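Structure first, commentary second.
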Amino acid sequence: MQEPKRYLVTSALPYANGPLHIGHLAGAYLSADIFVRFLRLNGKDVVYVCGSDEHGAAITIRAKKDGTTPQAIVDRYDESLRTTFEKIGISFDIYHRTSAPIHHETSQEFFRTLNQKGEFVEQTKEQYFDESASQFLADRYIIGTCPKCSHPEAYGDQCENCGSTLSPTELIDPRSTLSGAKPVLKSTTHWYLPLDKYEDWLREWVETGKLEGELLHYPDEWKNHVLGQCKSWLDGGLQPRAMTRDLDWGVDVPQEIEGSEGKKLYVWMDAPIGYISATKQWAIDNGKDWKPYWQDKETALVHFIGKDNIVFHCLIFPAILKAHGDYIIPVNVPANQFLNLEGRKLSTSKNWAVWVHEYVEEFEGKEDELRYNMIKNMPEQRDSEFTWKGYQETNNNELVNNLANFINRVIVLTNKYYDGVVPTINPDLQIVDSSNQIEMSYQESELVDLHDKLQEIGEHIRKYEFRAALKVLMEISSTGNQLLQFNEPWKLIKTDEETVKVVMNTGLQVVTALSVACRPFLPFTSDKIRDILNLPRLEDNGEYMDLLNKLSEGEVILPDGHKINKPNHLFTKIPDEVIDAQIAKLEATEKANKGVSYEPVKETIAFDDFTKLDLRTGTILTAEKVRKTKKLLKLTVDLGFEERTVVSGIAEFFKPEDIIGKQVLLLANLAPRKLKGIESQGMILMAENSDGVLDFVSPGDGMGNGFVVK
RNA sequence: GGCGCGGUAGCUCAGCUGGUUAGAGCGCAGGAUUCAUAAUCCUGAGGUCGGCGGUUCAAGCCCGCCUCGCGCUACCA
């Protein structure tokens, strides 16, 4: 494979129903931003696109809850996301949105093409329909009692109380969120993408990098967990996936297609196409042609995402692109794992997060400090951790003490000794190099090493190893500190002024290199260093490449006689109080979450309703785990007059041997149901607290079996 | 339960296709130094590489079993 002619880089489209947190940043945005900034600095043709994902049922429901329109919701969060990204320095070429007309047109064109080519399979299934609102109900539009935890407000796809995944037909007493009416089952037709048919080429492409005999990527350049996840899906056998939904918020299925009425595109069909429509809009805005970026084989398409999106970007979207026929497929999908916060998973609903829009307000001017810490702890190969203490330590020890201090030392001394003018040197003079071993001539010593380190940073970035790249950047700065320490210009100035000039000139070259090399990671700092050096700010247009060329030619990168500015602190220490305040904020959240939440009392029932329940005392005689399940135990319960087999979802809390002989209460007249092939004849009564912990509700000692509870 | 990824110094993490005394940063201990935002530099202590077994002349790296964390999936009458 040869070097690509151009790059099209995407970051996952954030969903426009909430603000941005550090997990998003660490997952899909910072890594992409480093990558594209580096490419631009090397004079590459690259377009970096992103935008708000503004469709899907969650947004309409949110709108309904807030008493507003879906458009108002997405407008609000699109604005929030857009400004937050800008403030933290994510350098999209365009941040678009899927509610834009050009996106609707683009995704409809895709649908139309796939339909015309006969790629879809139409299938009719039974689905809930709200007769009073005369429309089909998406999973999220149906609420009912959770069959698992009896939470009365479970959604059709998931119960937020117990976290179980549900399907709408499982809900007890389902009702429509639109009208409150009881929905009826009615058949509806959808267009399915037959992923099973693409399985063979997808497998070959993922595992060998080859598609129709052409090598498109080297599989060992893909991350382990990405390949593993793909193989897992492929081995499990891909199933046809519906590309349409019965919704009223989203991209319409093209009108001329029969049966399109009331149908919208599935968000996972529509969202990735958002990358394409964003590129189109960018091309219009900049007088460019979008097509080569998506349709020319010499373009490298790279998707930056979090691990939750792997299947969509590695299998489903490539399948859509290839089914269309005119498009290239990604050369790599360097997905990151998840970032945890202070030992716990980030959670939007539990407010367990560091919100980026809050950070940029509370820590104004410290954008790079957050970027640095996030890159240093980026979850590249496994889940990683953000802690405020760690943030403080890296800031104080690495940014202030190492990087900013080195630069400050050089700038201060240059101003002191030479009134801020880069000194002319005698190139034959020798200085001690940073390993403090051999004395070498000026050009051989630091500048050769500098060139190698800059090269090394590039190699790491090209391999998506951003943590490693950042580490090398800091090594350059450490080397600079050593240079000063070993040569001690503050002492030498008294005896050997000419050699001091060599030391200081070298230090200045290193600072200049840092102003370029730090750019992908710390763009704001790059500007600050350029200002201090009295050099023009970088325009992200080949400057890294120029720098390497000059160094390999043995040319200096900051010429003699250049006048620099006065010193200015690049970073300042973050005191304990600031960190303590942030930790206190999280503790307050934790406390709020810990507050026991009680479920609302259900609707009042008549005494007769209660008497319909036949509750009995019983004793567990036997208990064994149901094979191939995590939660199920098969129990035999003695009711005195008979024995019942009961399957109960308590295996996570109780070992079979520990509950034999346990007195329990059993709902004895519940209709039997088969679970994993075993008929369960009744239900054991359990109490569940707000943490989801279960315990038996038992009669007191000595109560025999089979007696009625009333 | 199935599948995938991971479990390496007190902390955060590197370790390429198996090959000499297992690495980095922070933290810790001792020393040097003062140009610099009490910053910097040097030296050192710290690990039976999750556990057990196997393959091999040789295993952190390969194989099997077990265990813990995370994700996907099945699943909670």
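Each chain gets a letter, A, B and so on, in the order the sequences are listed, and its residues count up from 1. Not measured: the values here are computed from a predicted model.
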Item to check | Parallel, tilted or perpendicular: ring planes of A:Phe466 versus A:Phe304, cut at 30 and 60 degrees | outcome: tilted
Item to check | Closest to side chain of A:Glu488, choosing from B:U33, B:C41, B:A77 | outcome: B:U33
Checklist entry - At under 4.0 Å between heavy atoms, what does A:Lys491 touch on the DNA or RNA strands: base, sugar-phosphate, or nothing? => result sugar-phosphate
Item to check | Sole candidate of A:Glu367, A:Arg371, A:Lys366 that passes side chain to side chain contact (heavy atoms under 4.5 Å, CB included) when paired with A:Glu369 | outcome: A:Lys366
Next on the checklist: When you measure only distances, ignoring hydrogens and angles, does the side chain of A:Glu385 come within 3.5 Å of the base of B:U12 through a donor and an acceptor?
Outcome noted: no
Item to check | Under 4.0 angstrom between A:Gln482 side-chain N/O and B:C42 OP1 or OP2 | outcome: yes
Checklist entry - In whole angstrom, what separates A:Asn481's CG from B:A32's P? => result 20 Å
Item to check | Ring centre gap for A:Phe312 and A:Trp233 strictly below 6.0 Å | outcome: no
Item to check | Gap in Å between the two P atoms, one belonging to B:U48 and one to B:G6, rounded | outcome: 23 Å
Checklist entry - Counting only side-chain N and O atoms of A:Lys389, is one of them less than 4.0 Å from OP1 or OP2 of B:G27? => result no
Next on the checklist: Given B:G71, B:C5, B:U37, identify the nucleotide with an atom nearest to the side chain of A:Phe338.
Outcome noted: B:G71
Checklist outcome for this item: A:Phe486 CZ to B:C35 C1', in whole Å, measures 16 Å
Next on the checklist: Can you tell me if A:Asn397 touches the phosphate of B:G27, counting only side-chain N or O atoms and a distance under 4.0 Å to OP1 or OP2?
Outcome noted: yes
Next on the checklist: Output the rounded distance in Å from CD1 (A:Ile375) to P (B:A14).
Outcome noted: 16 Å
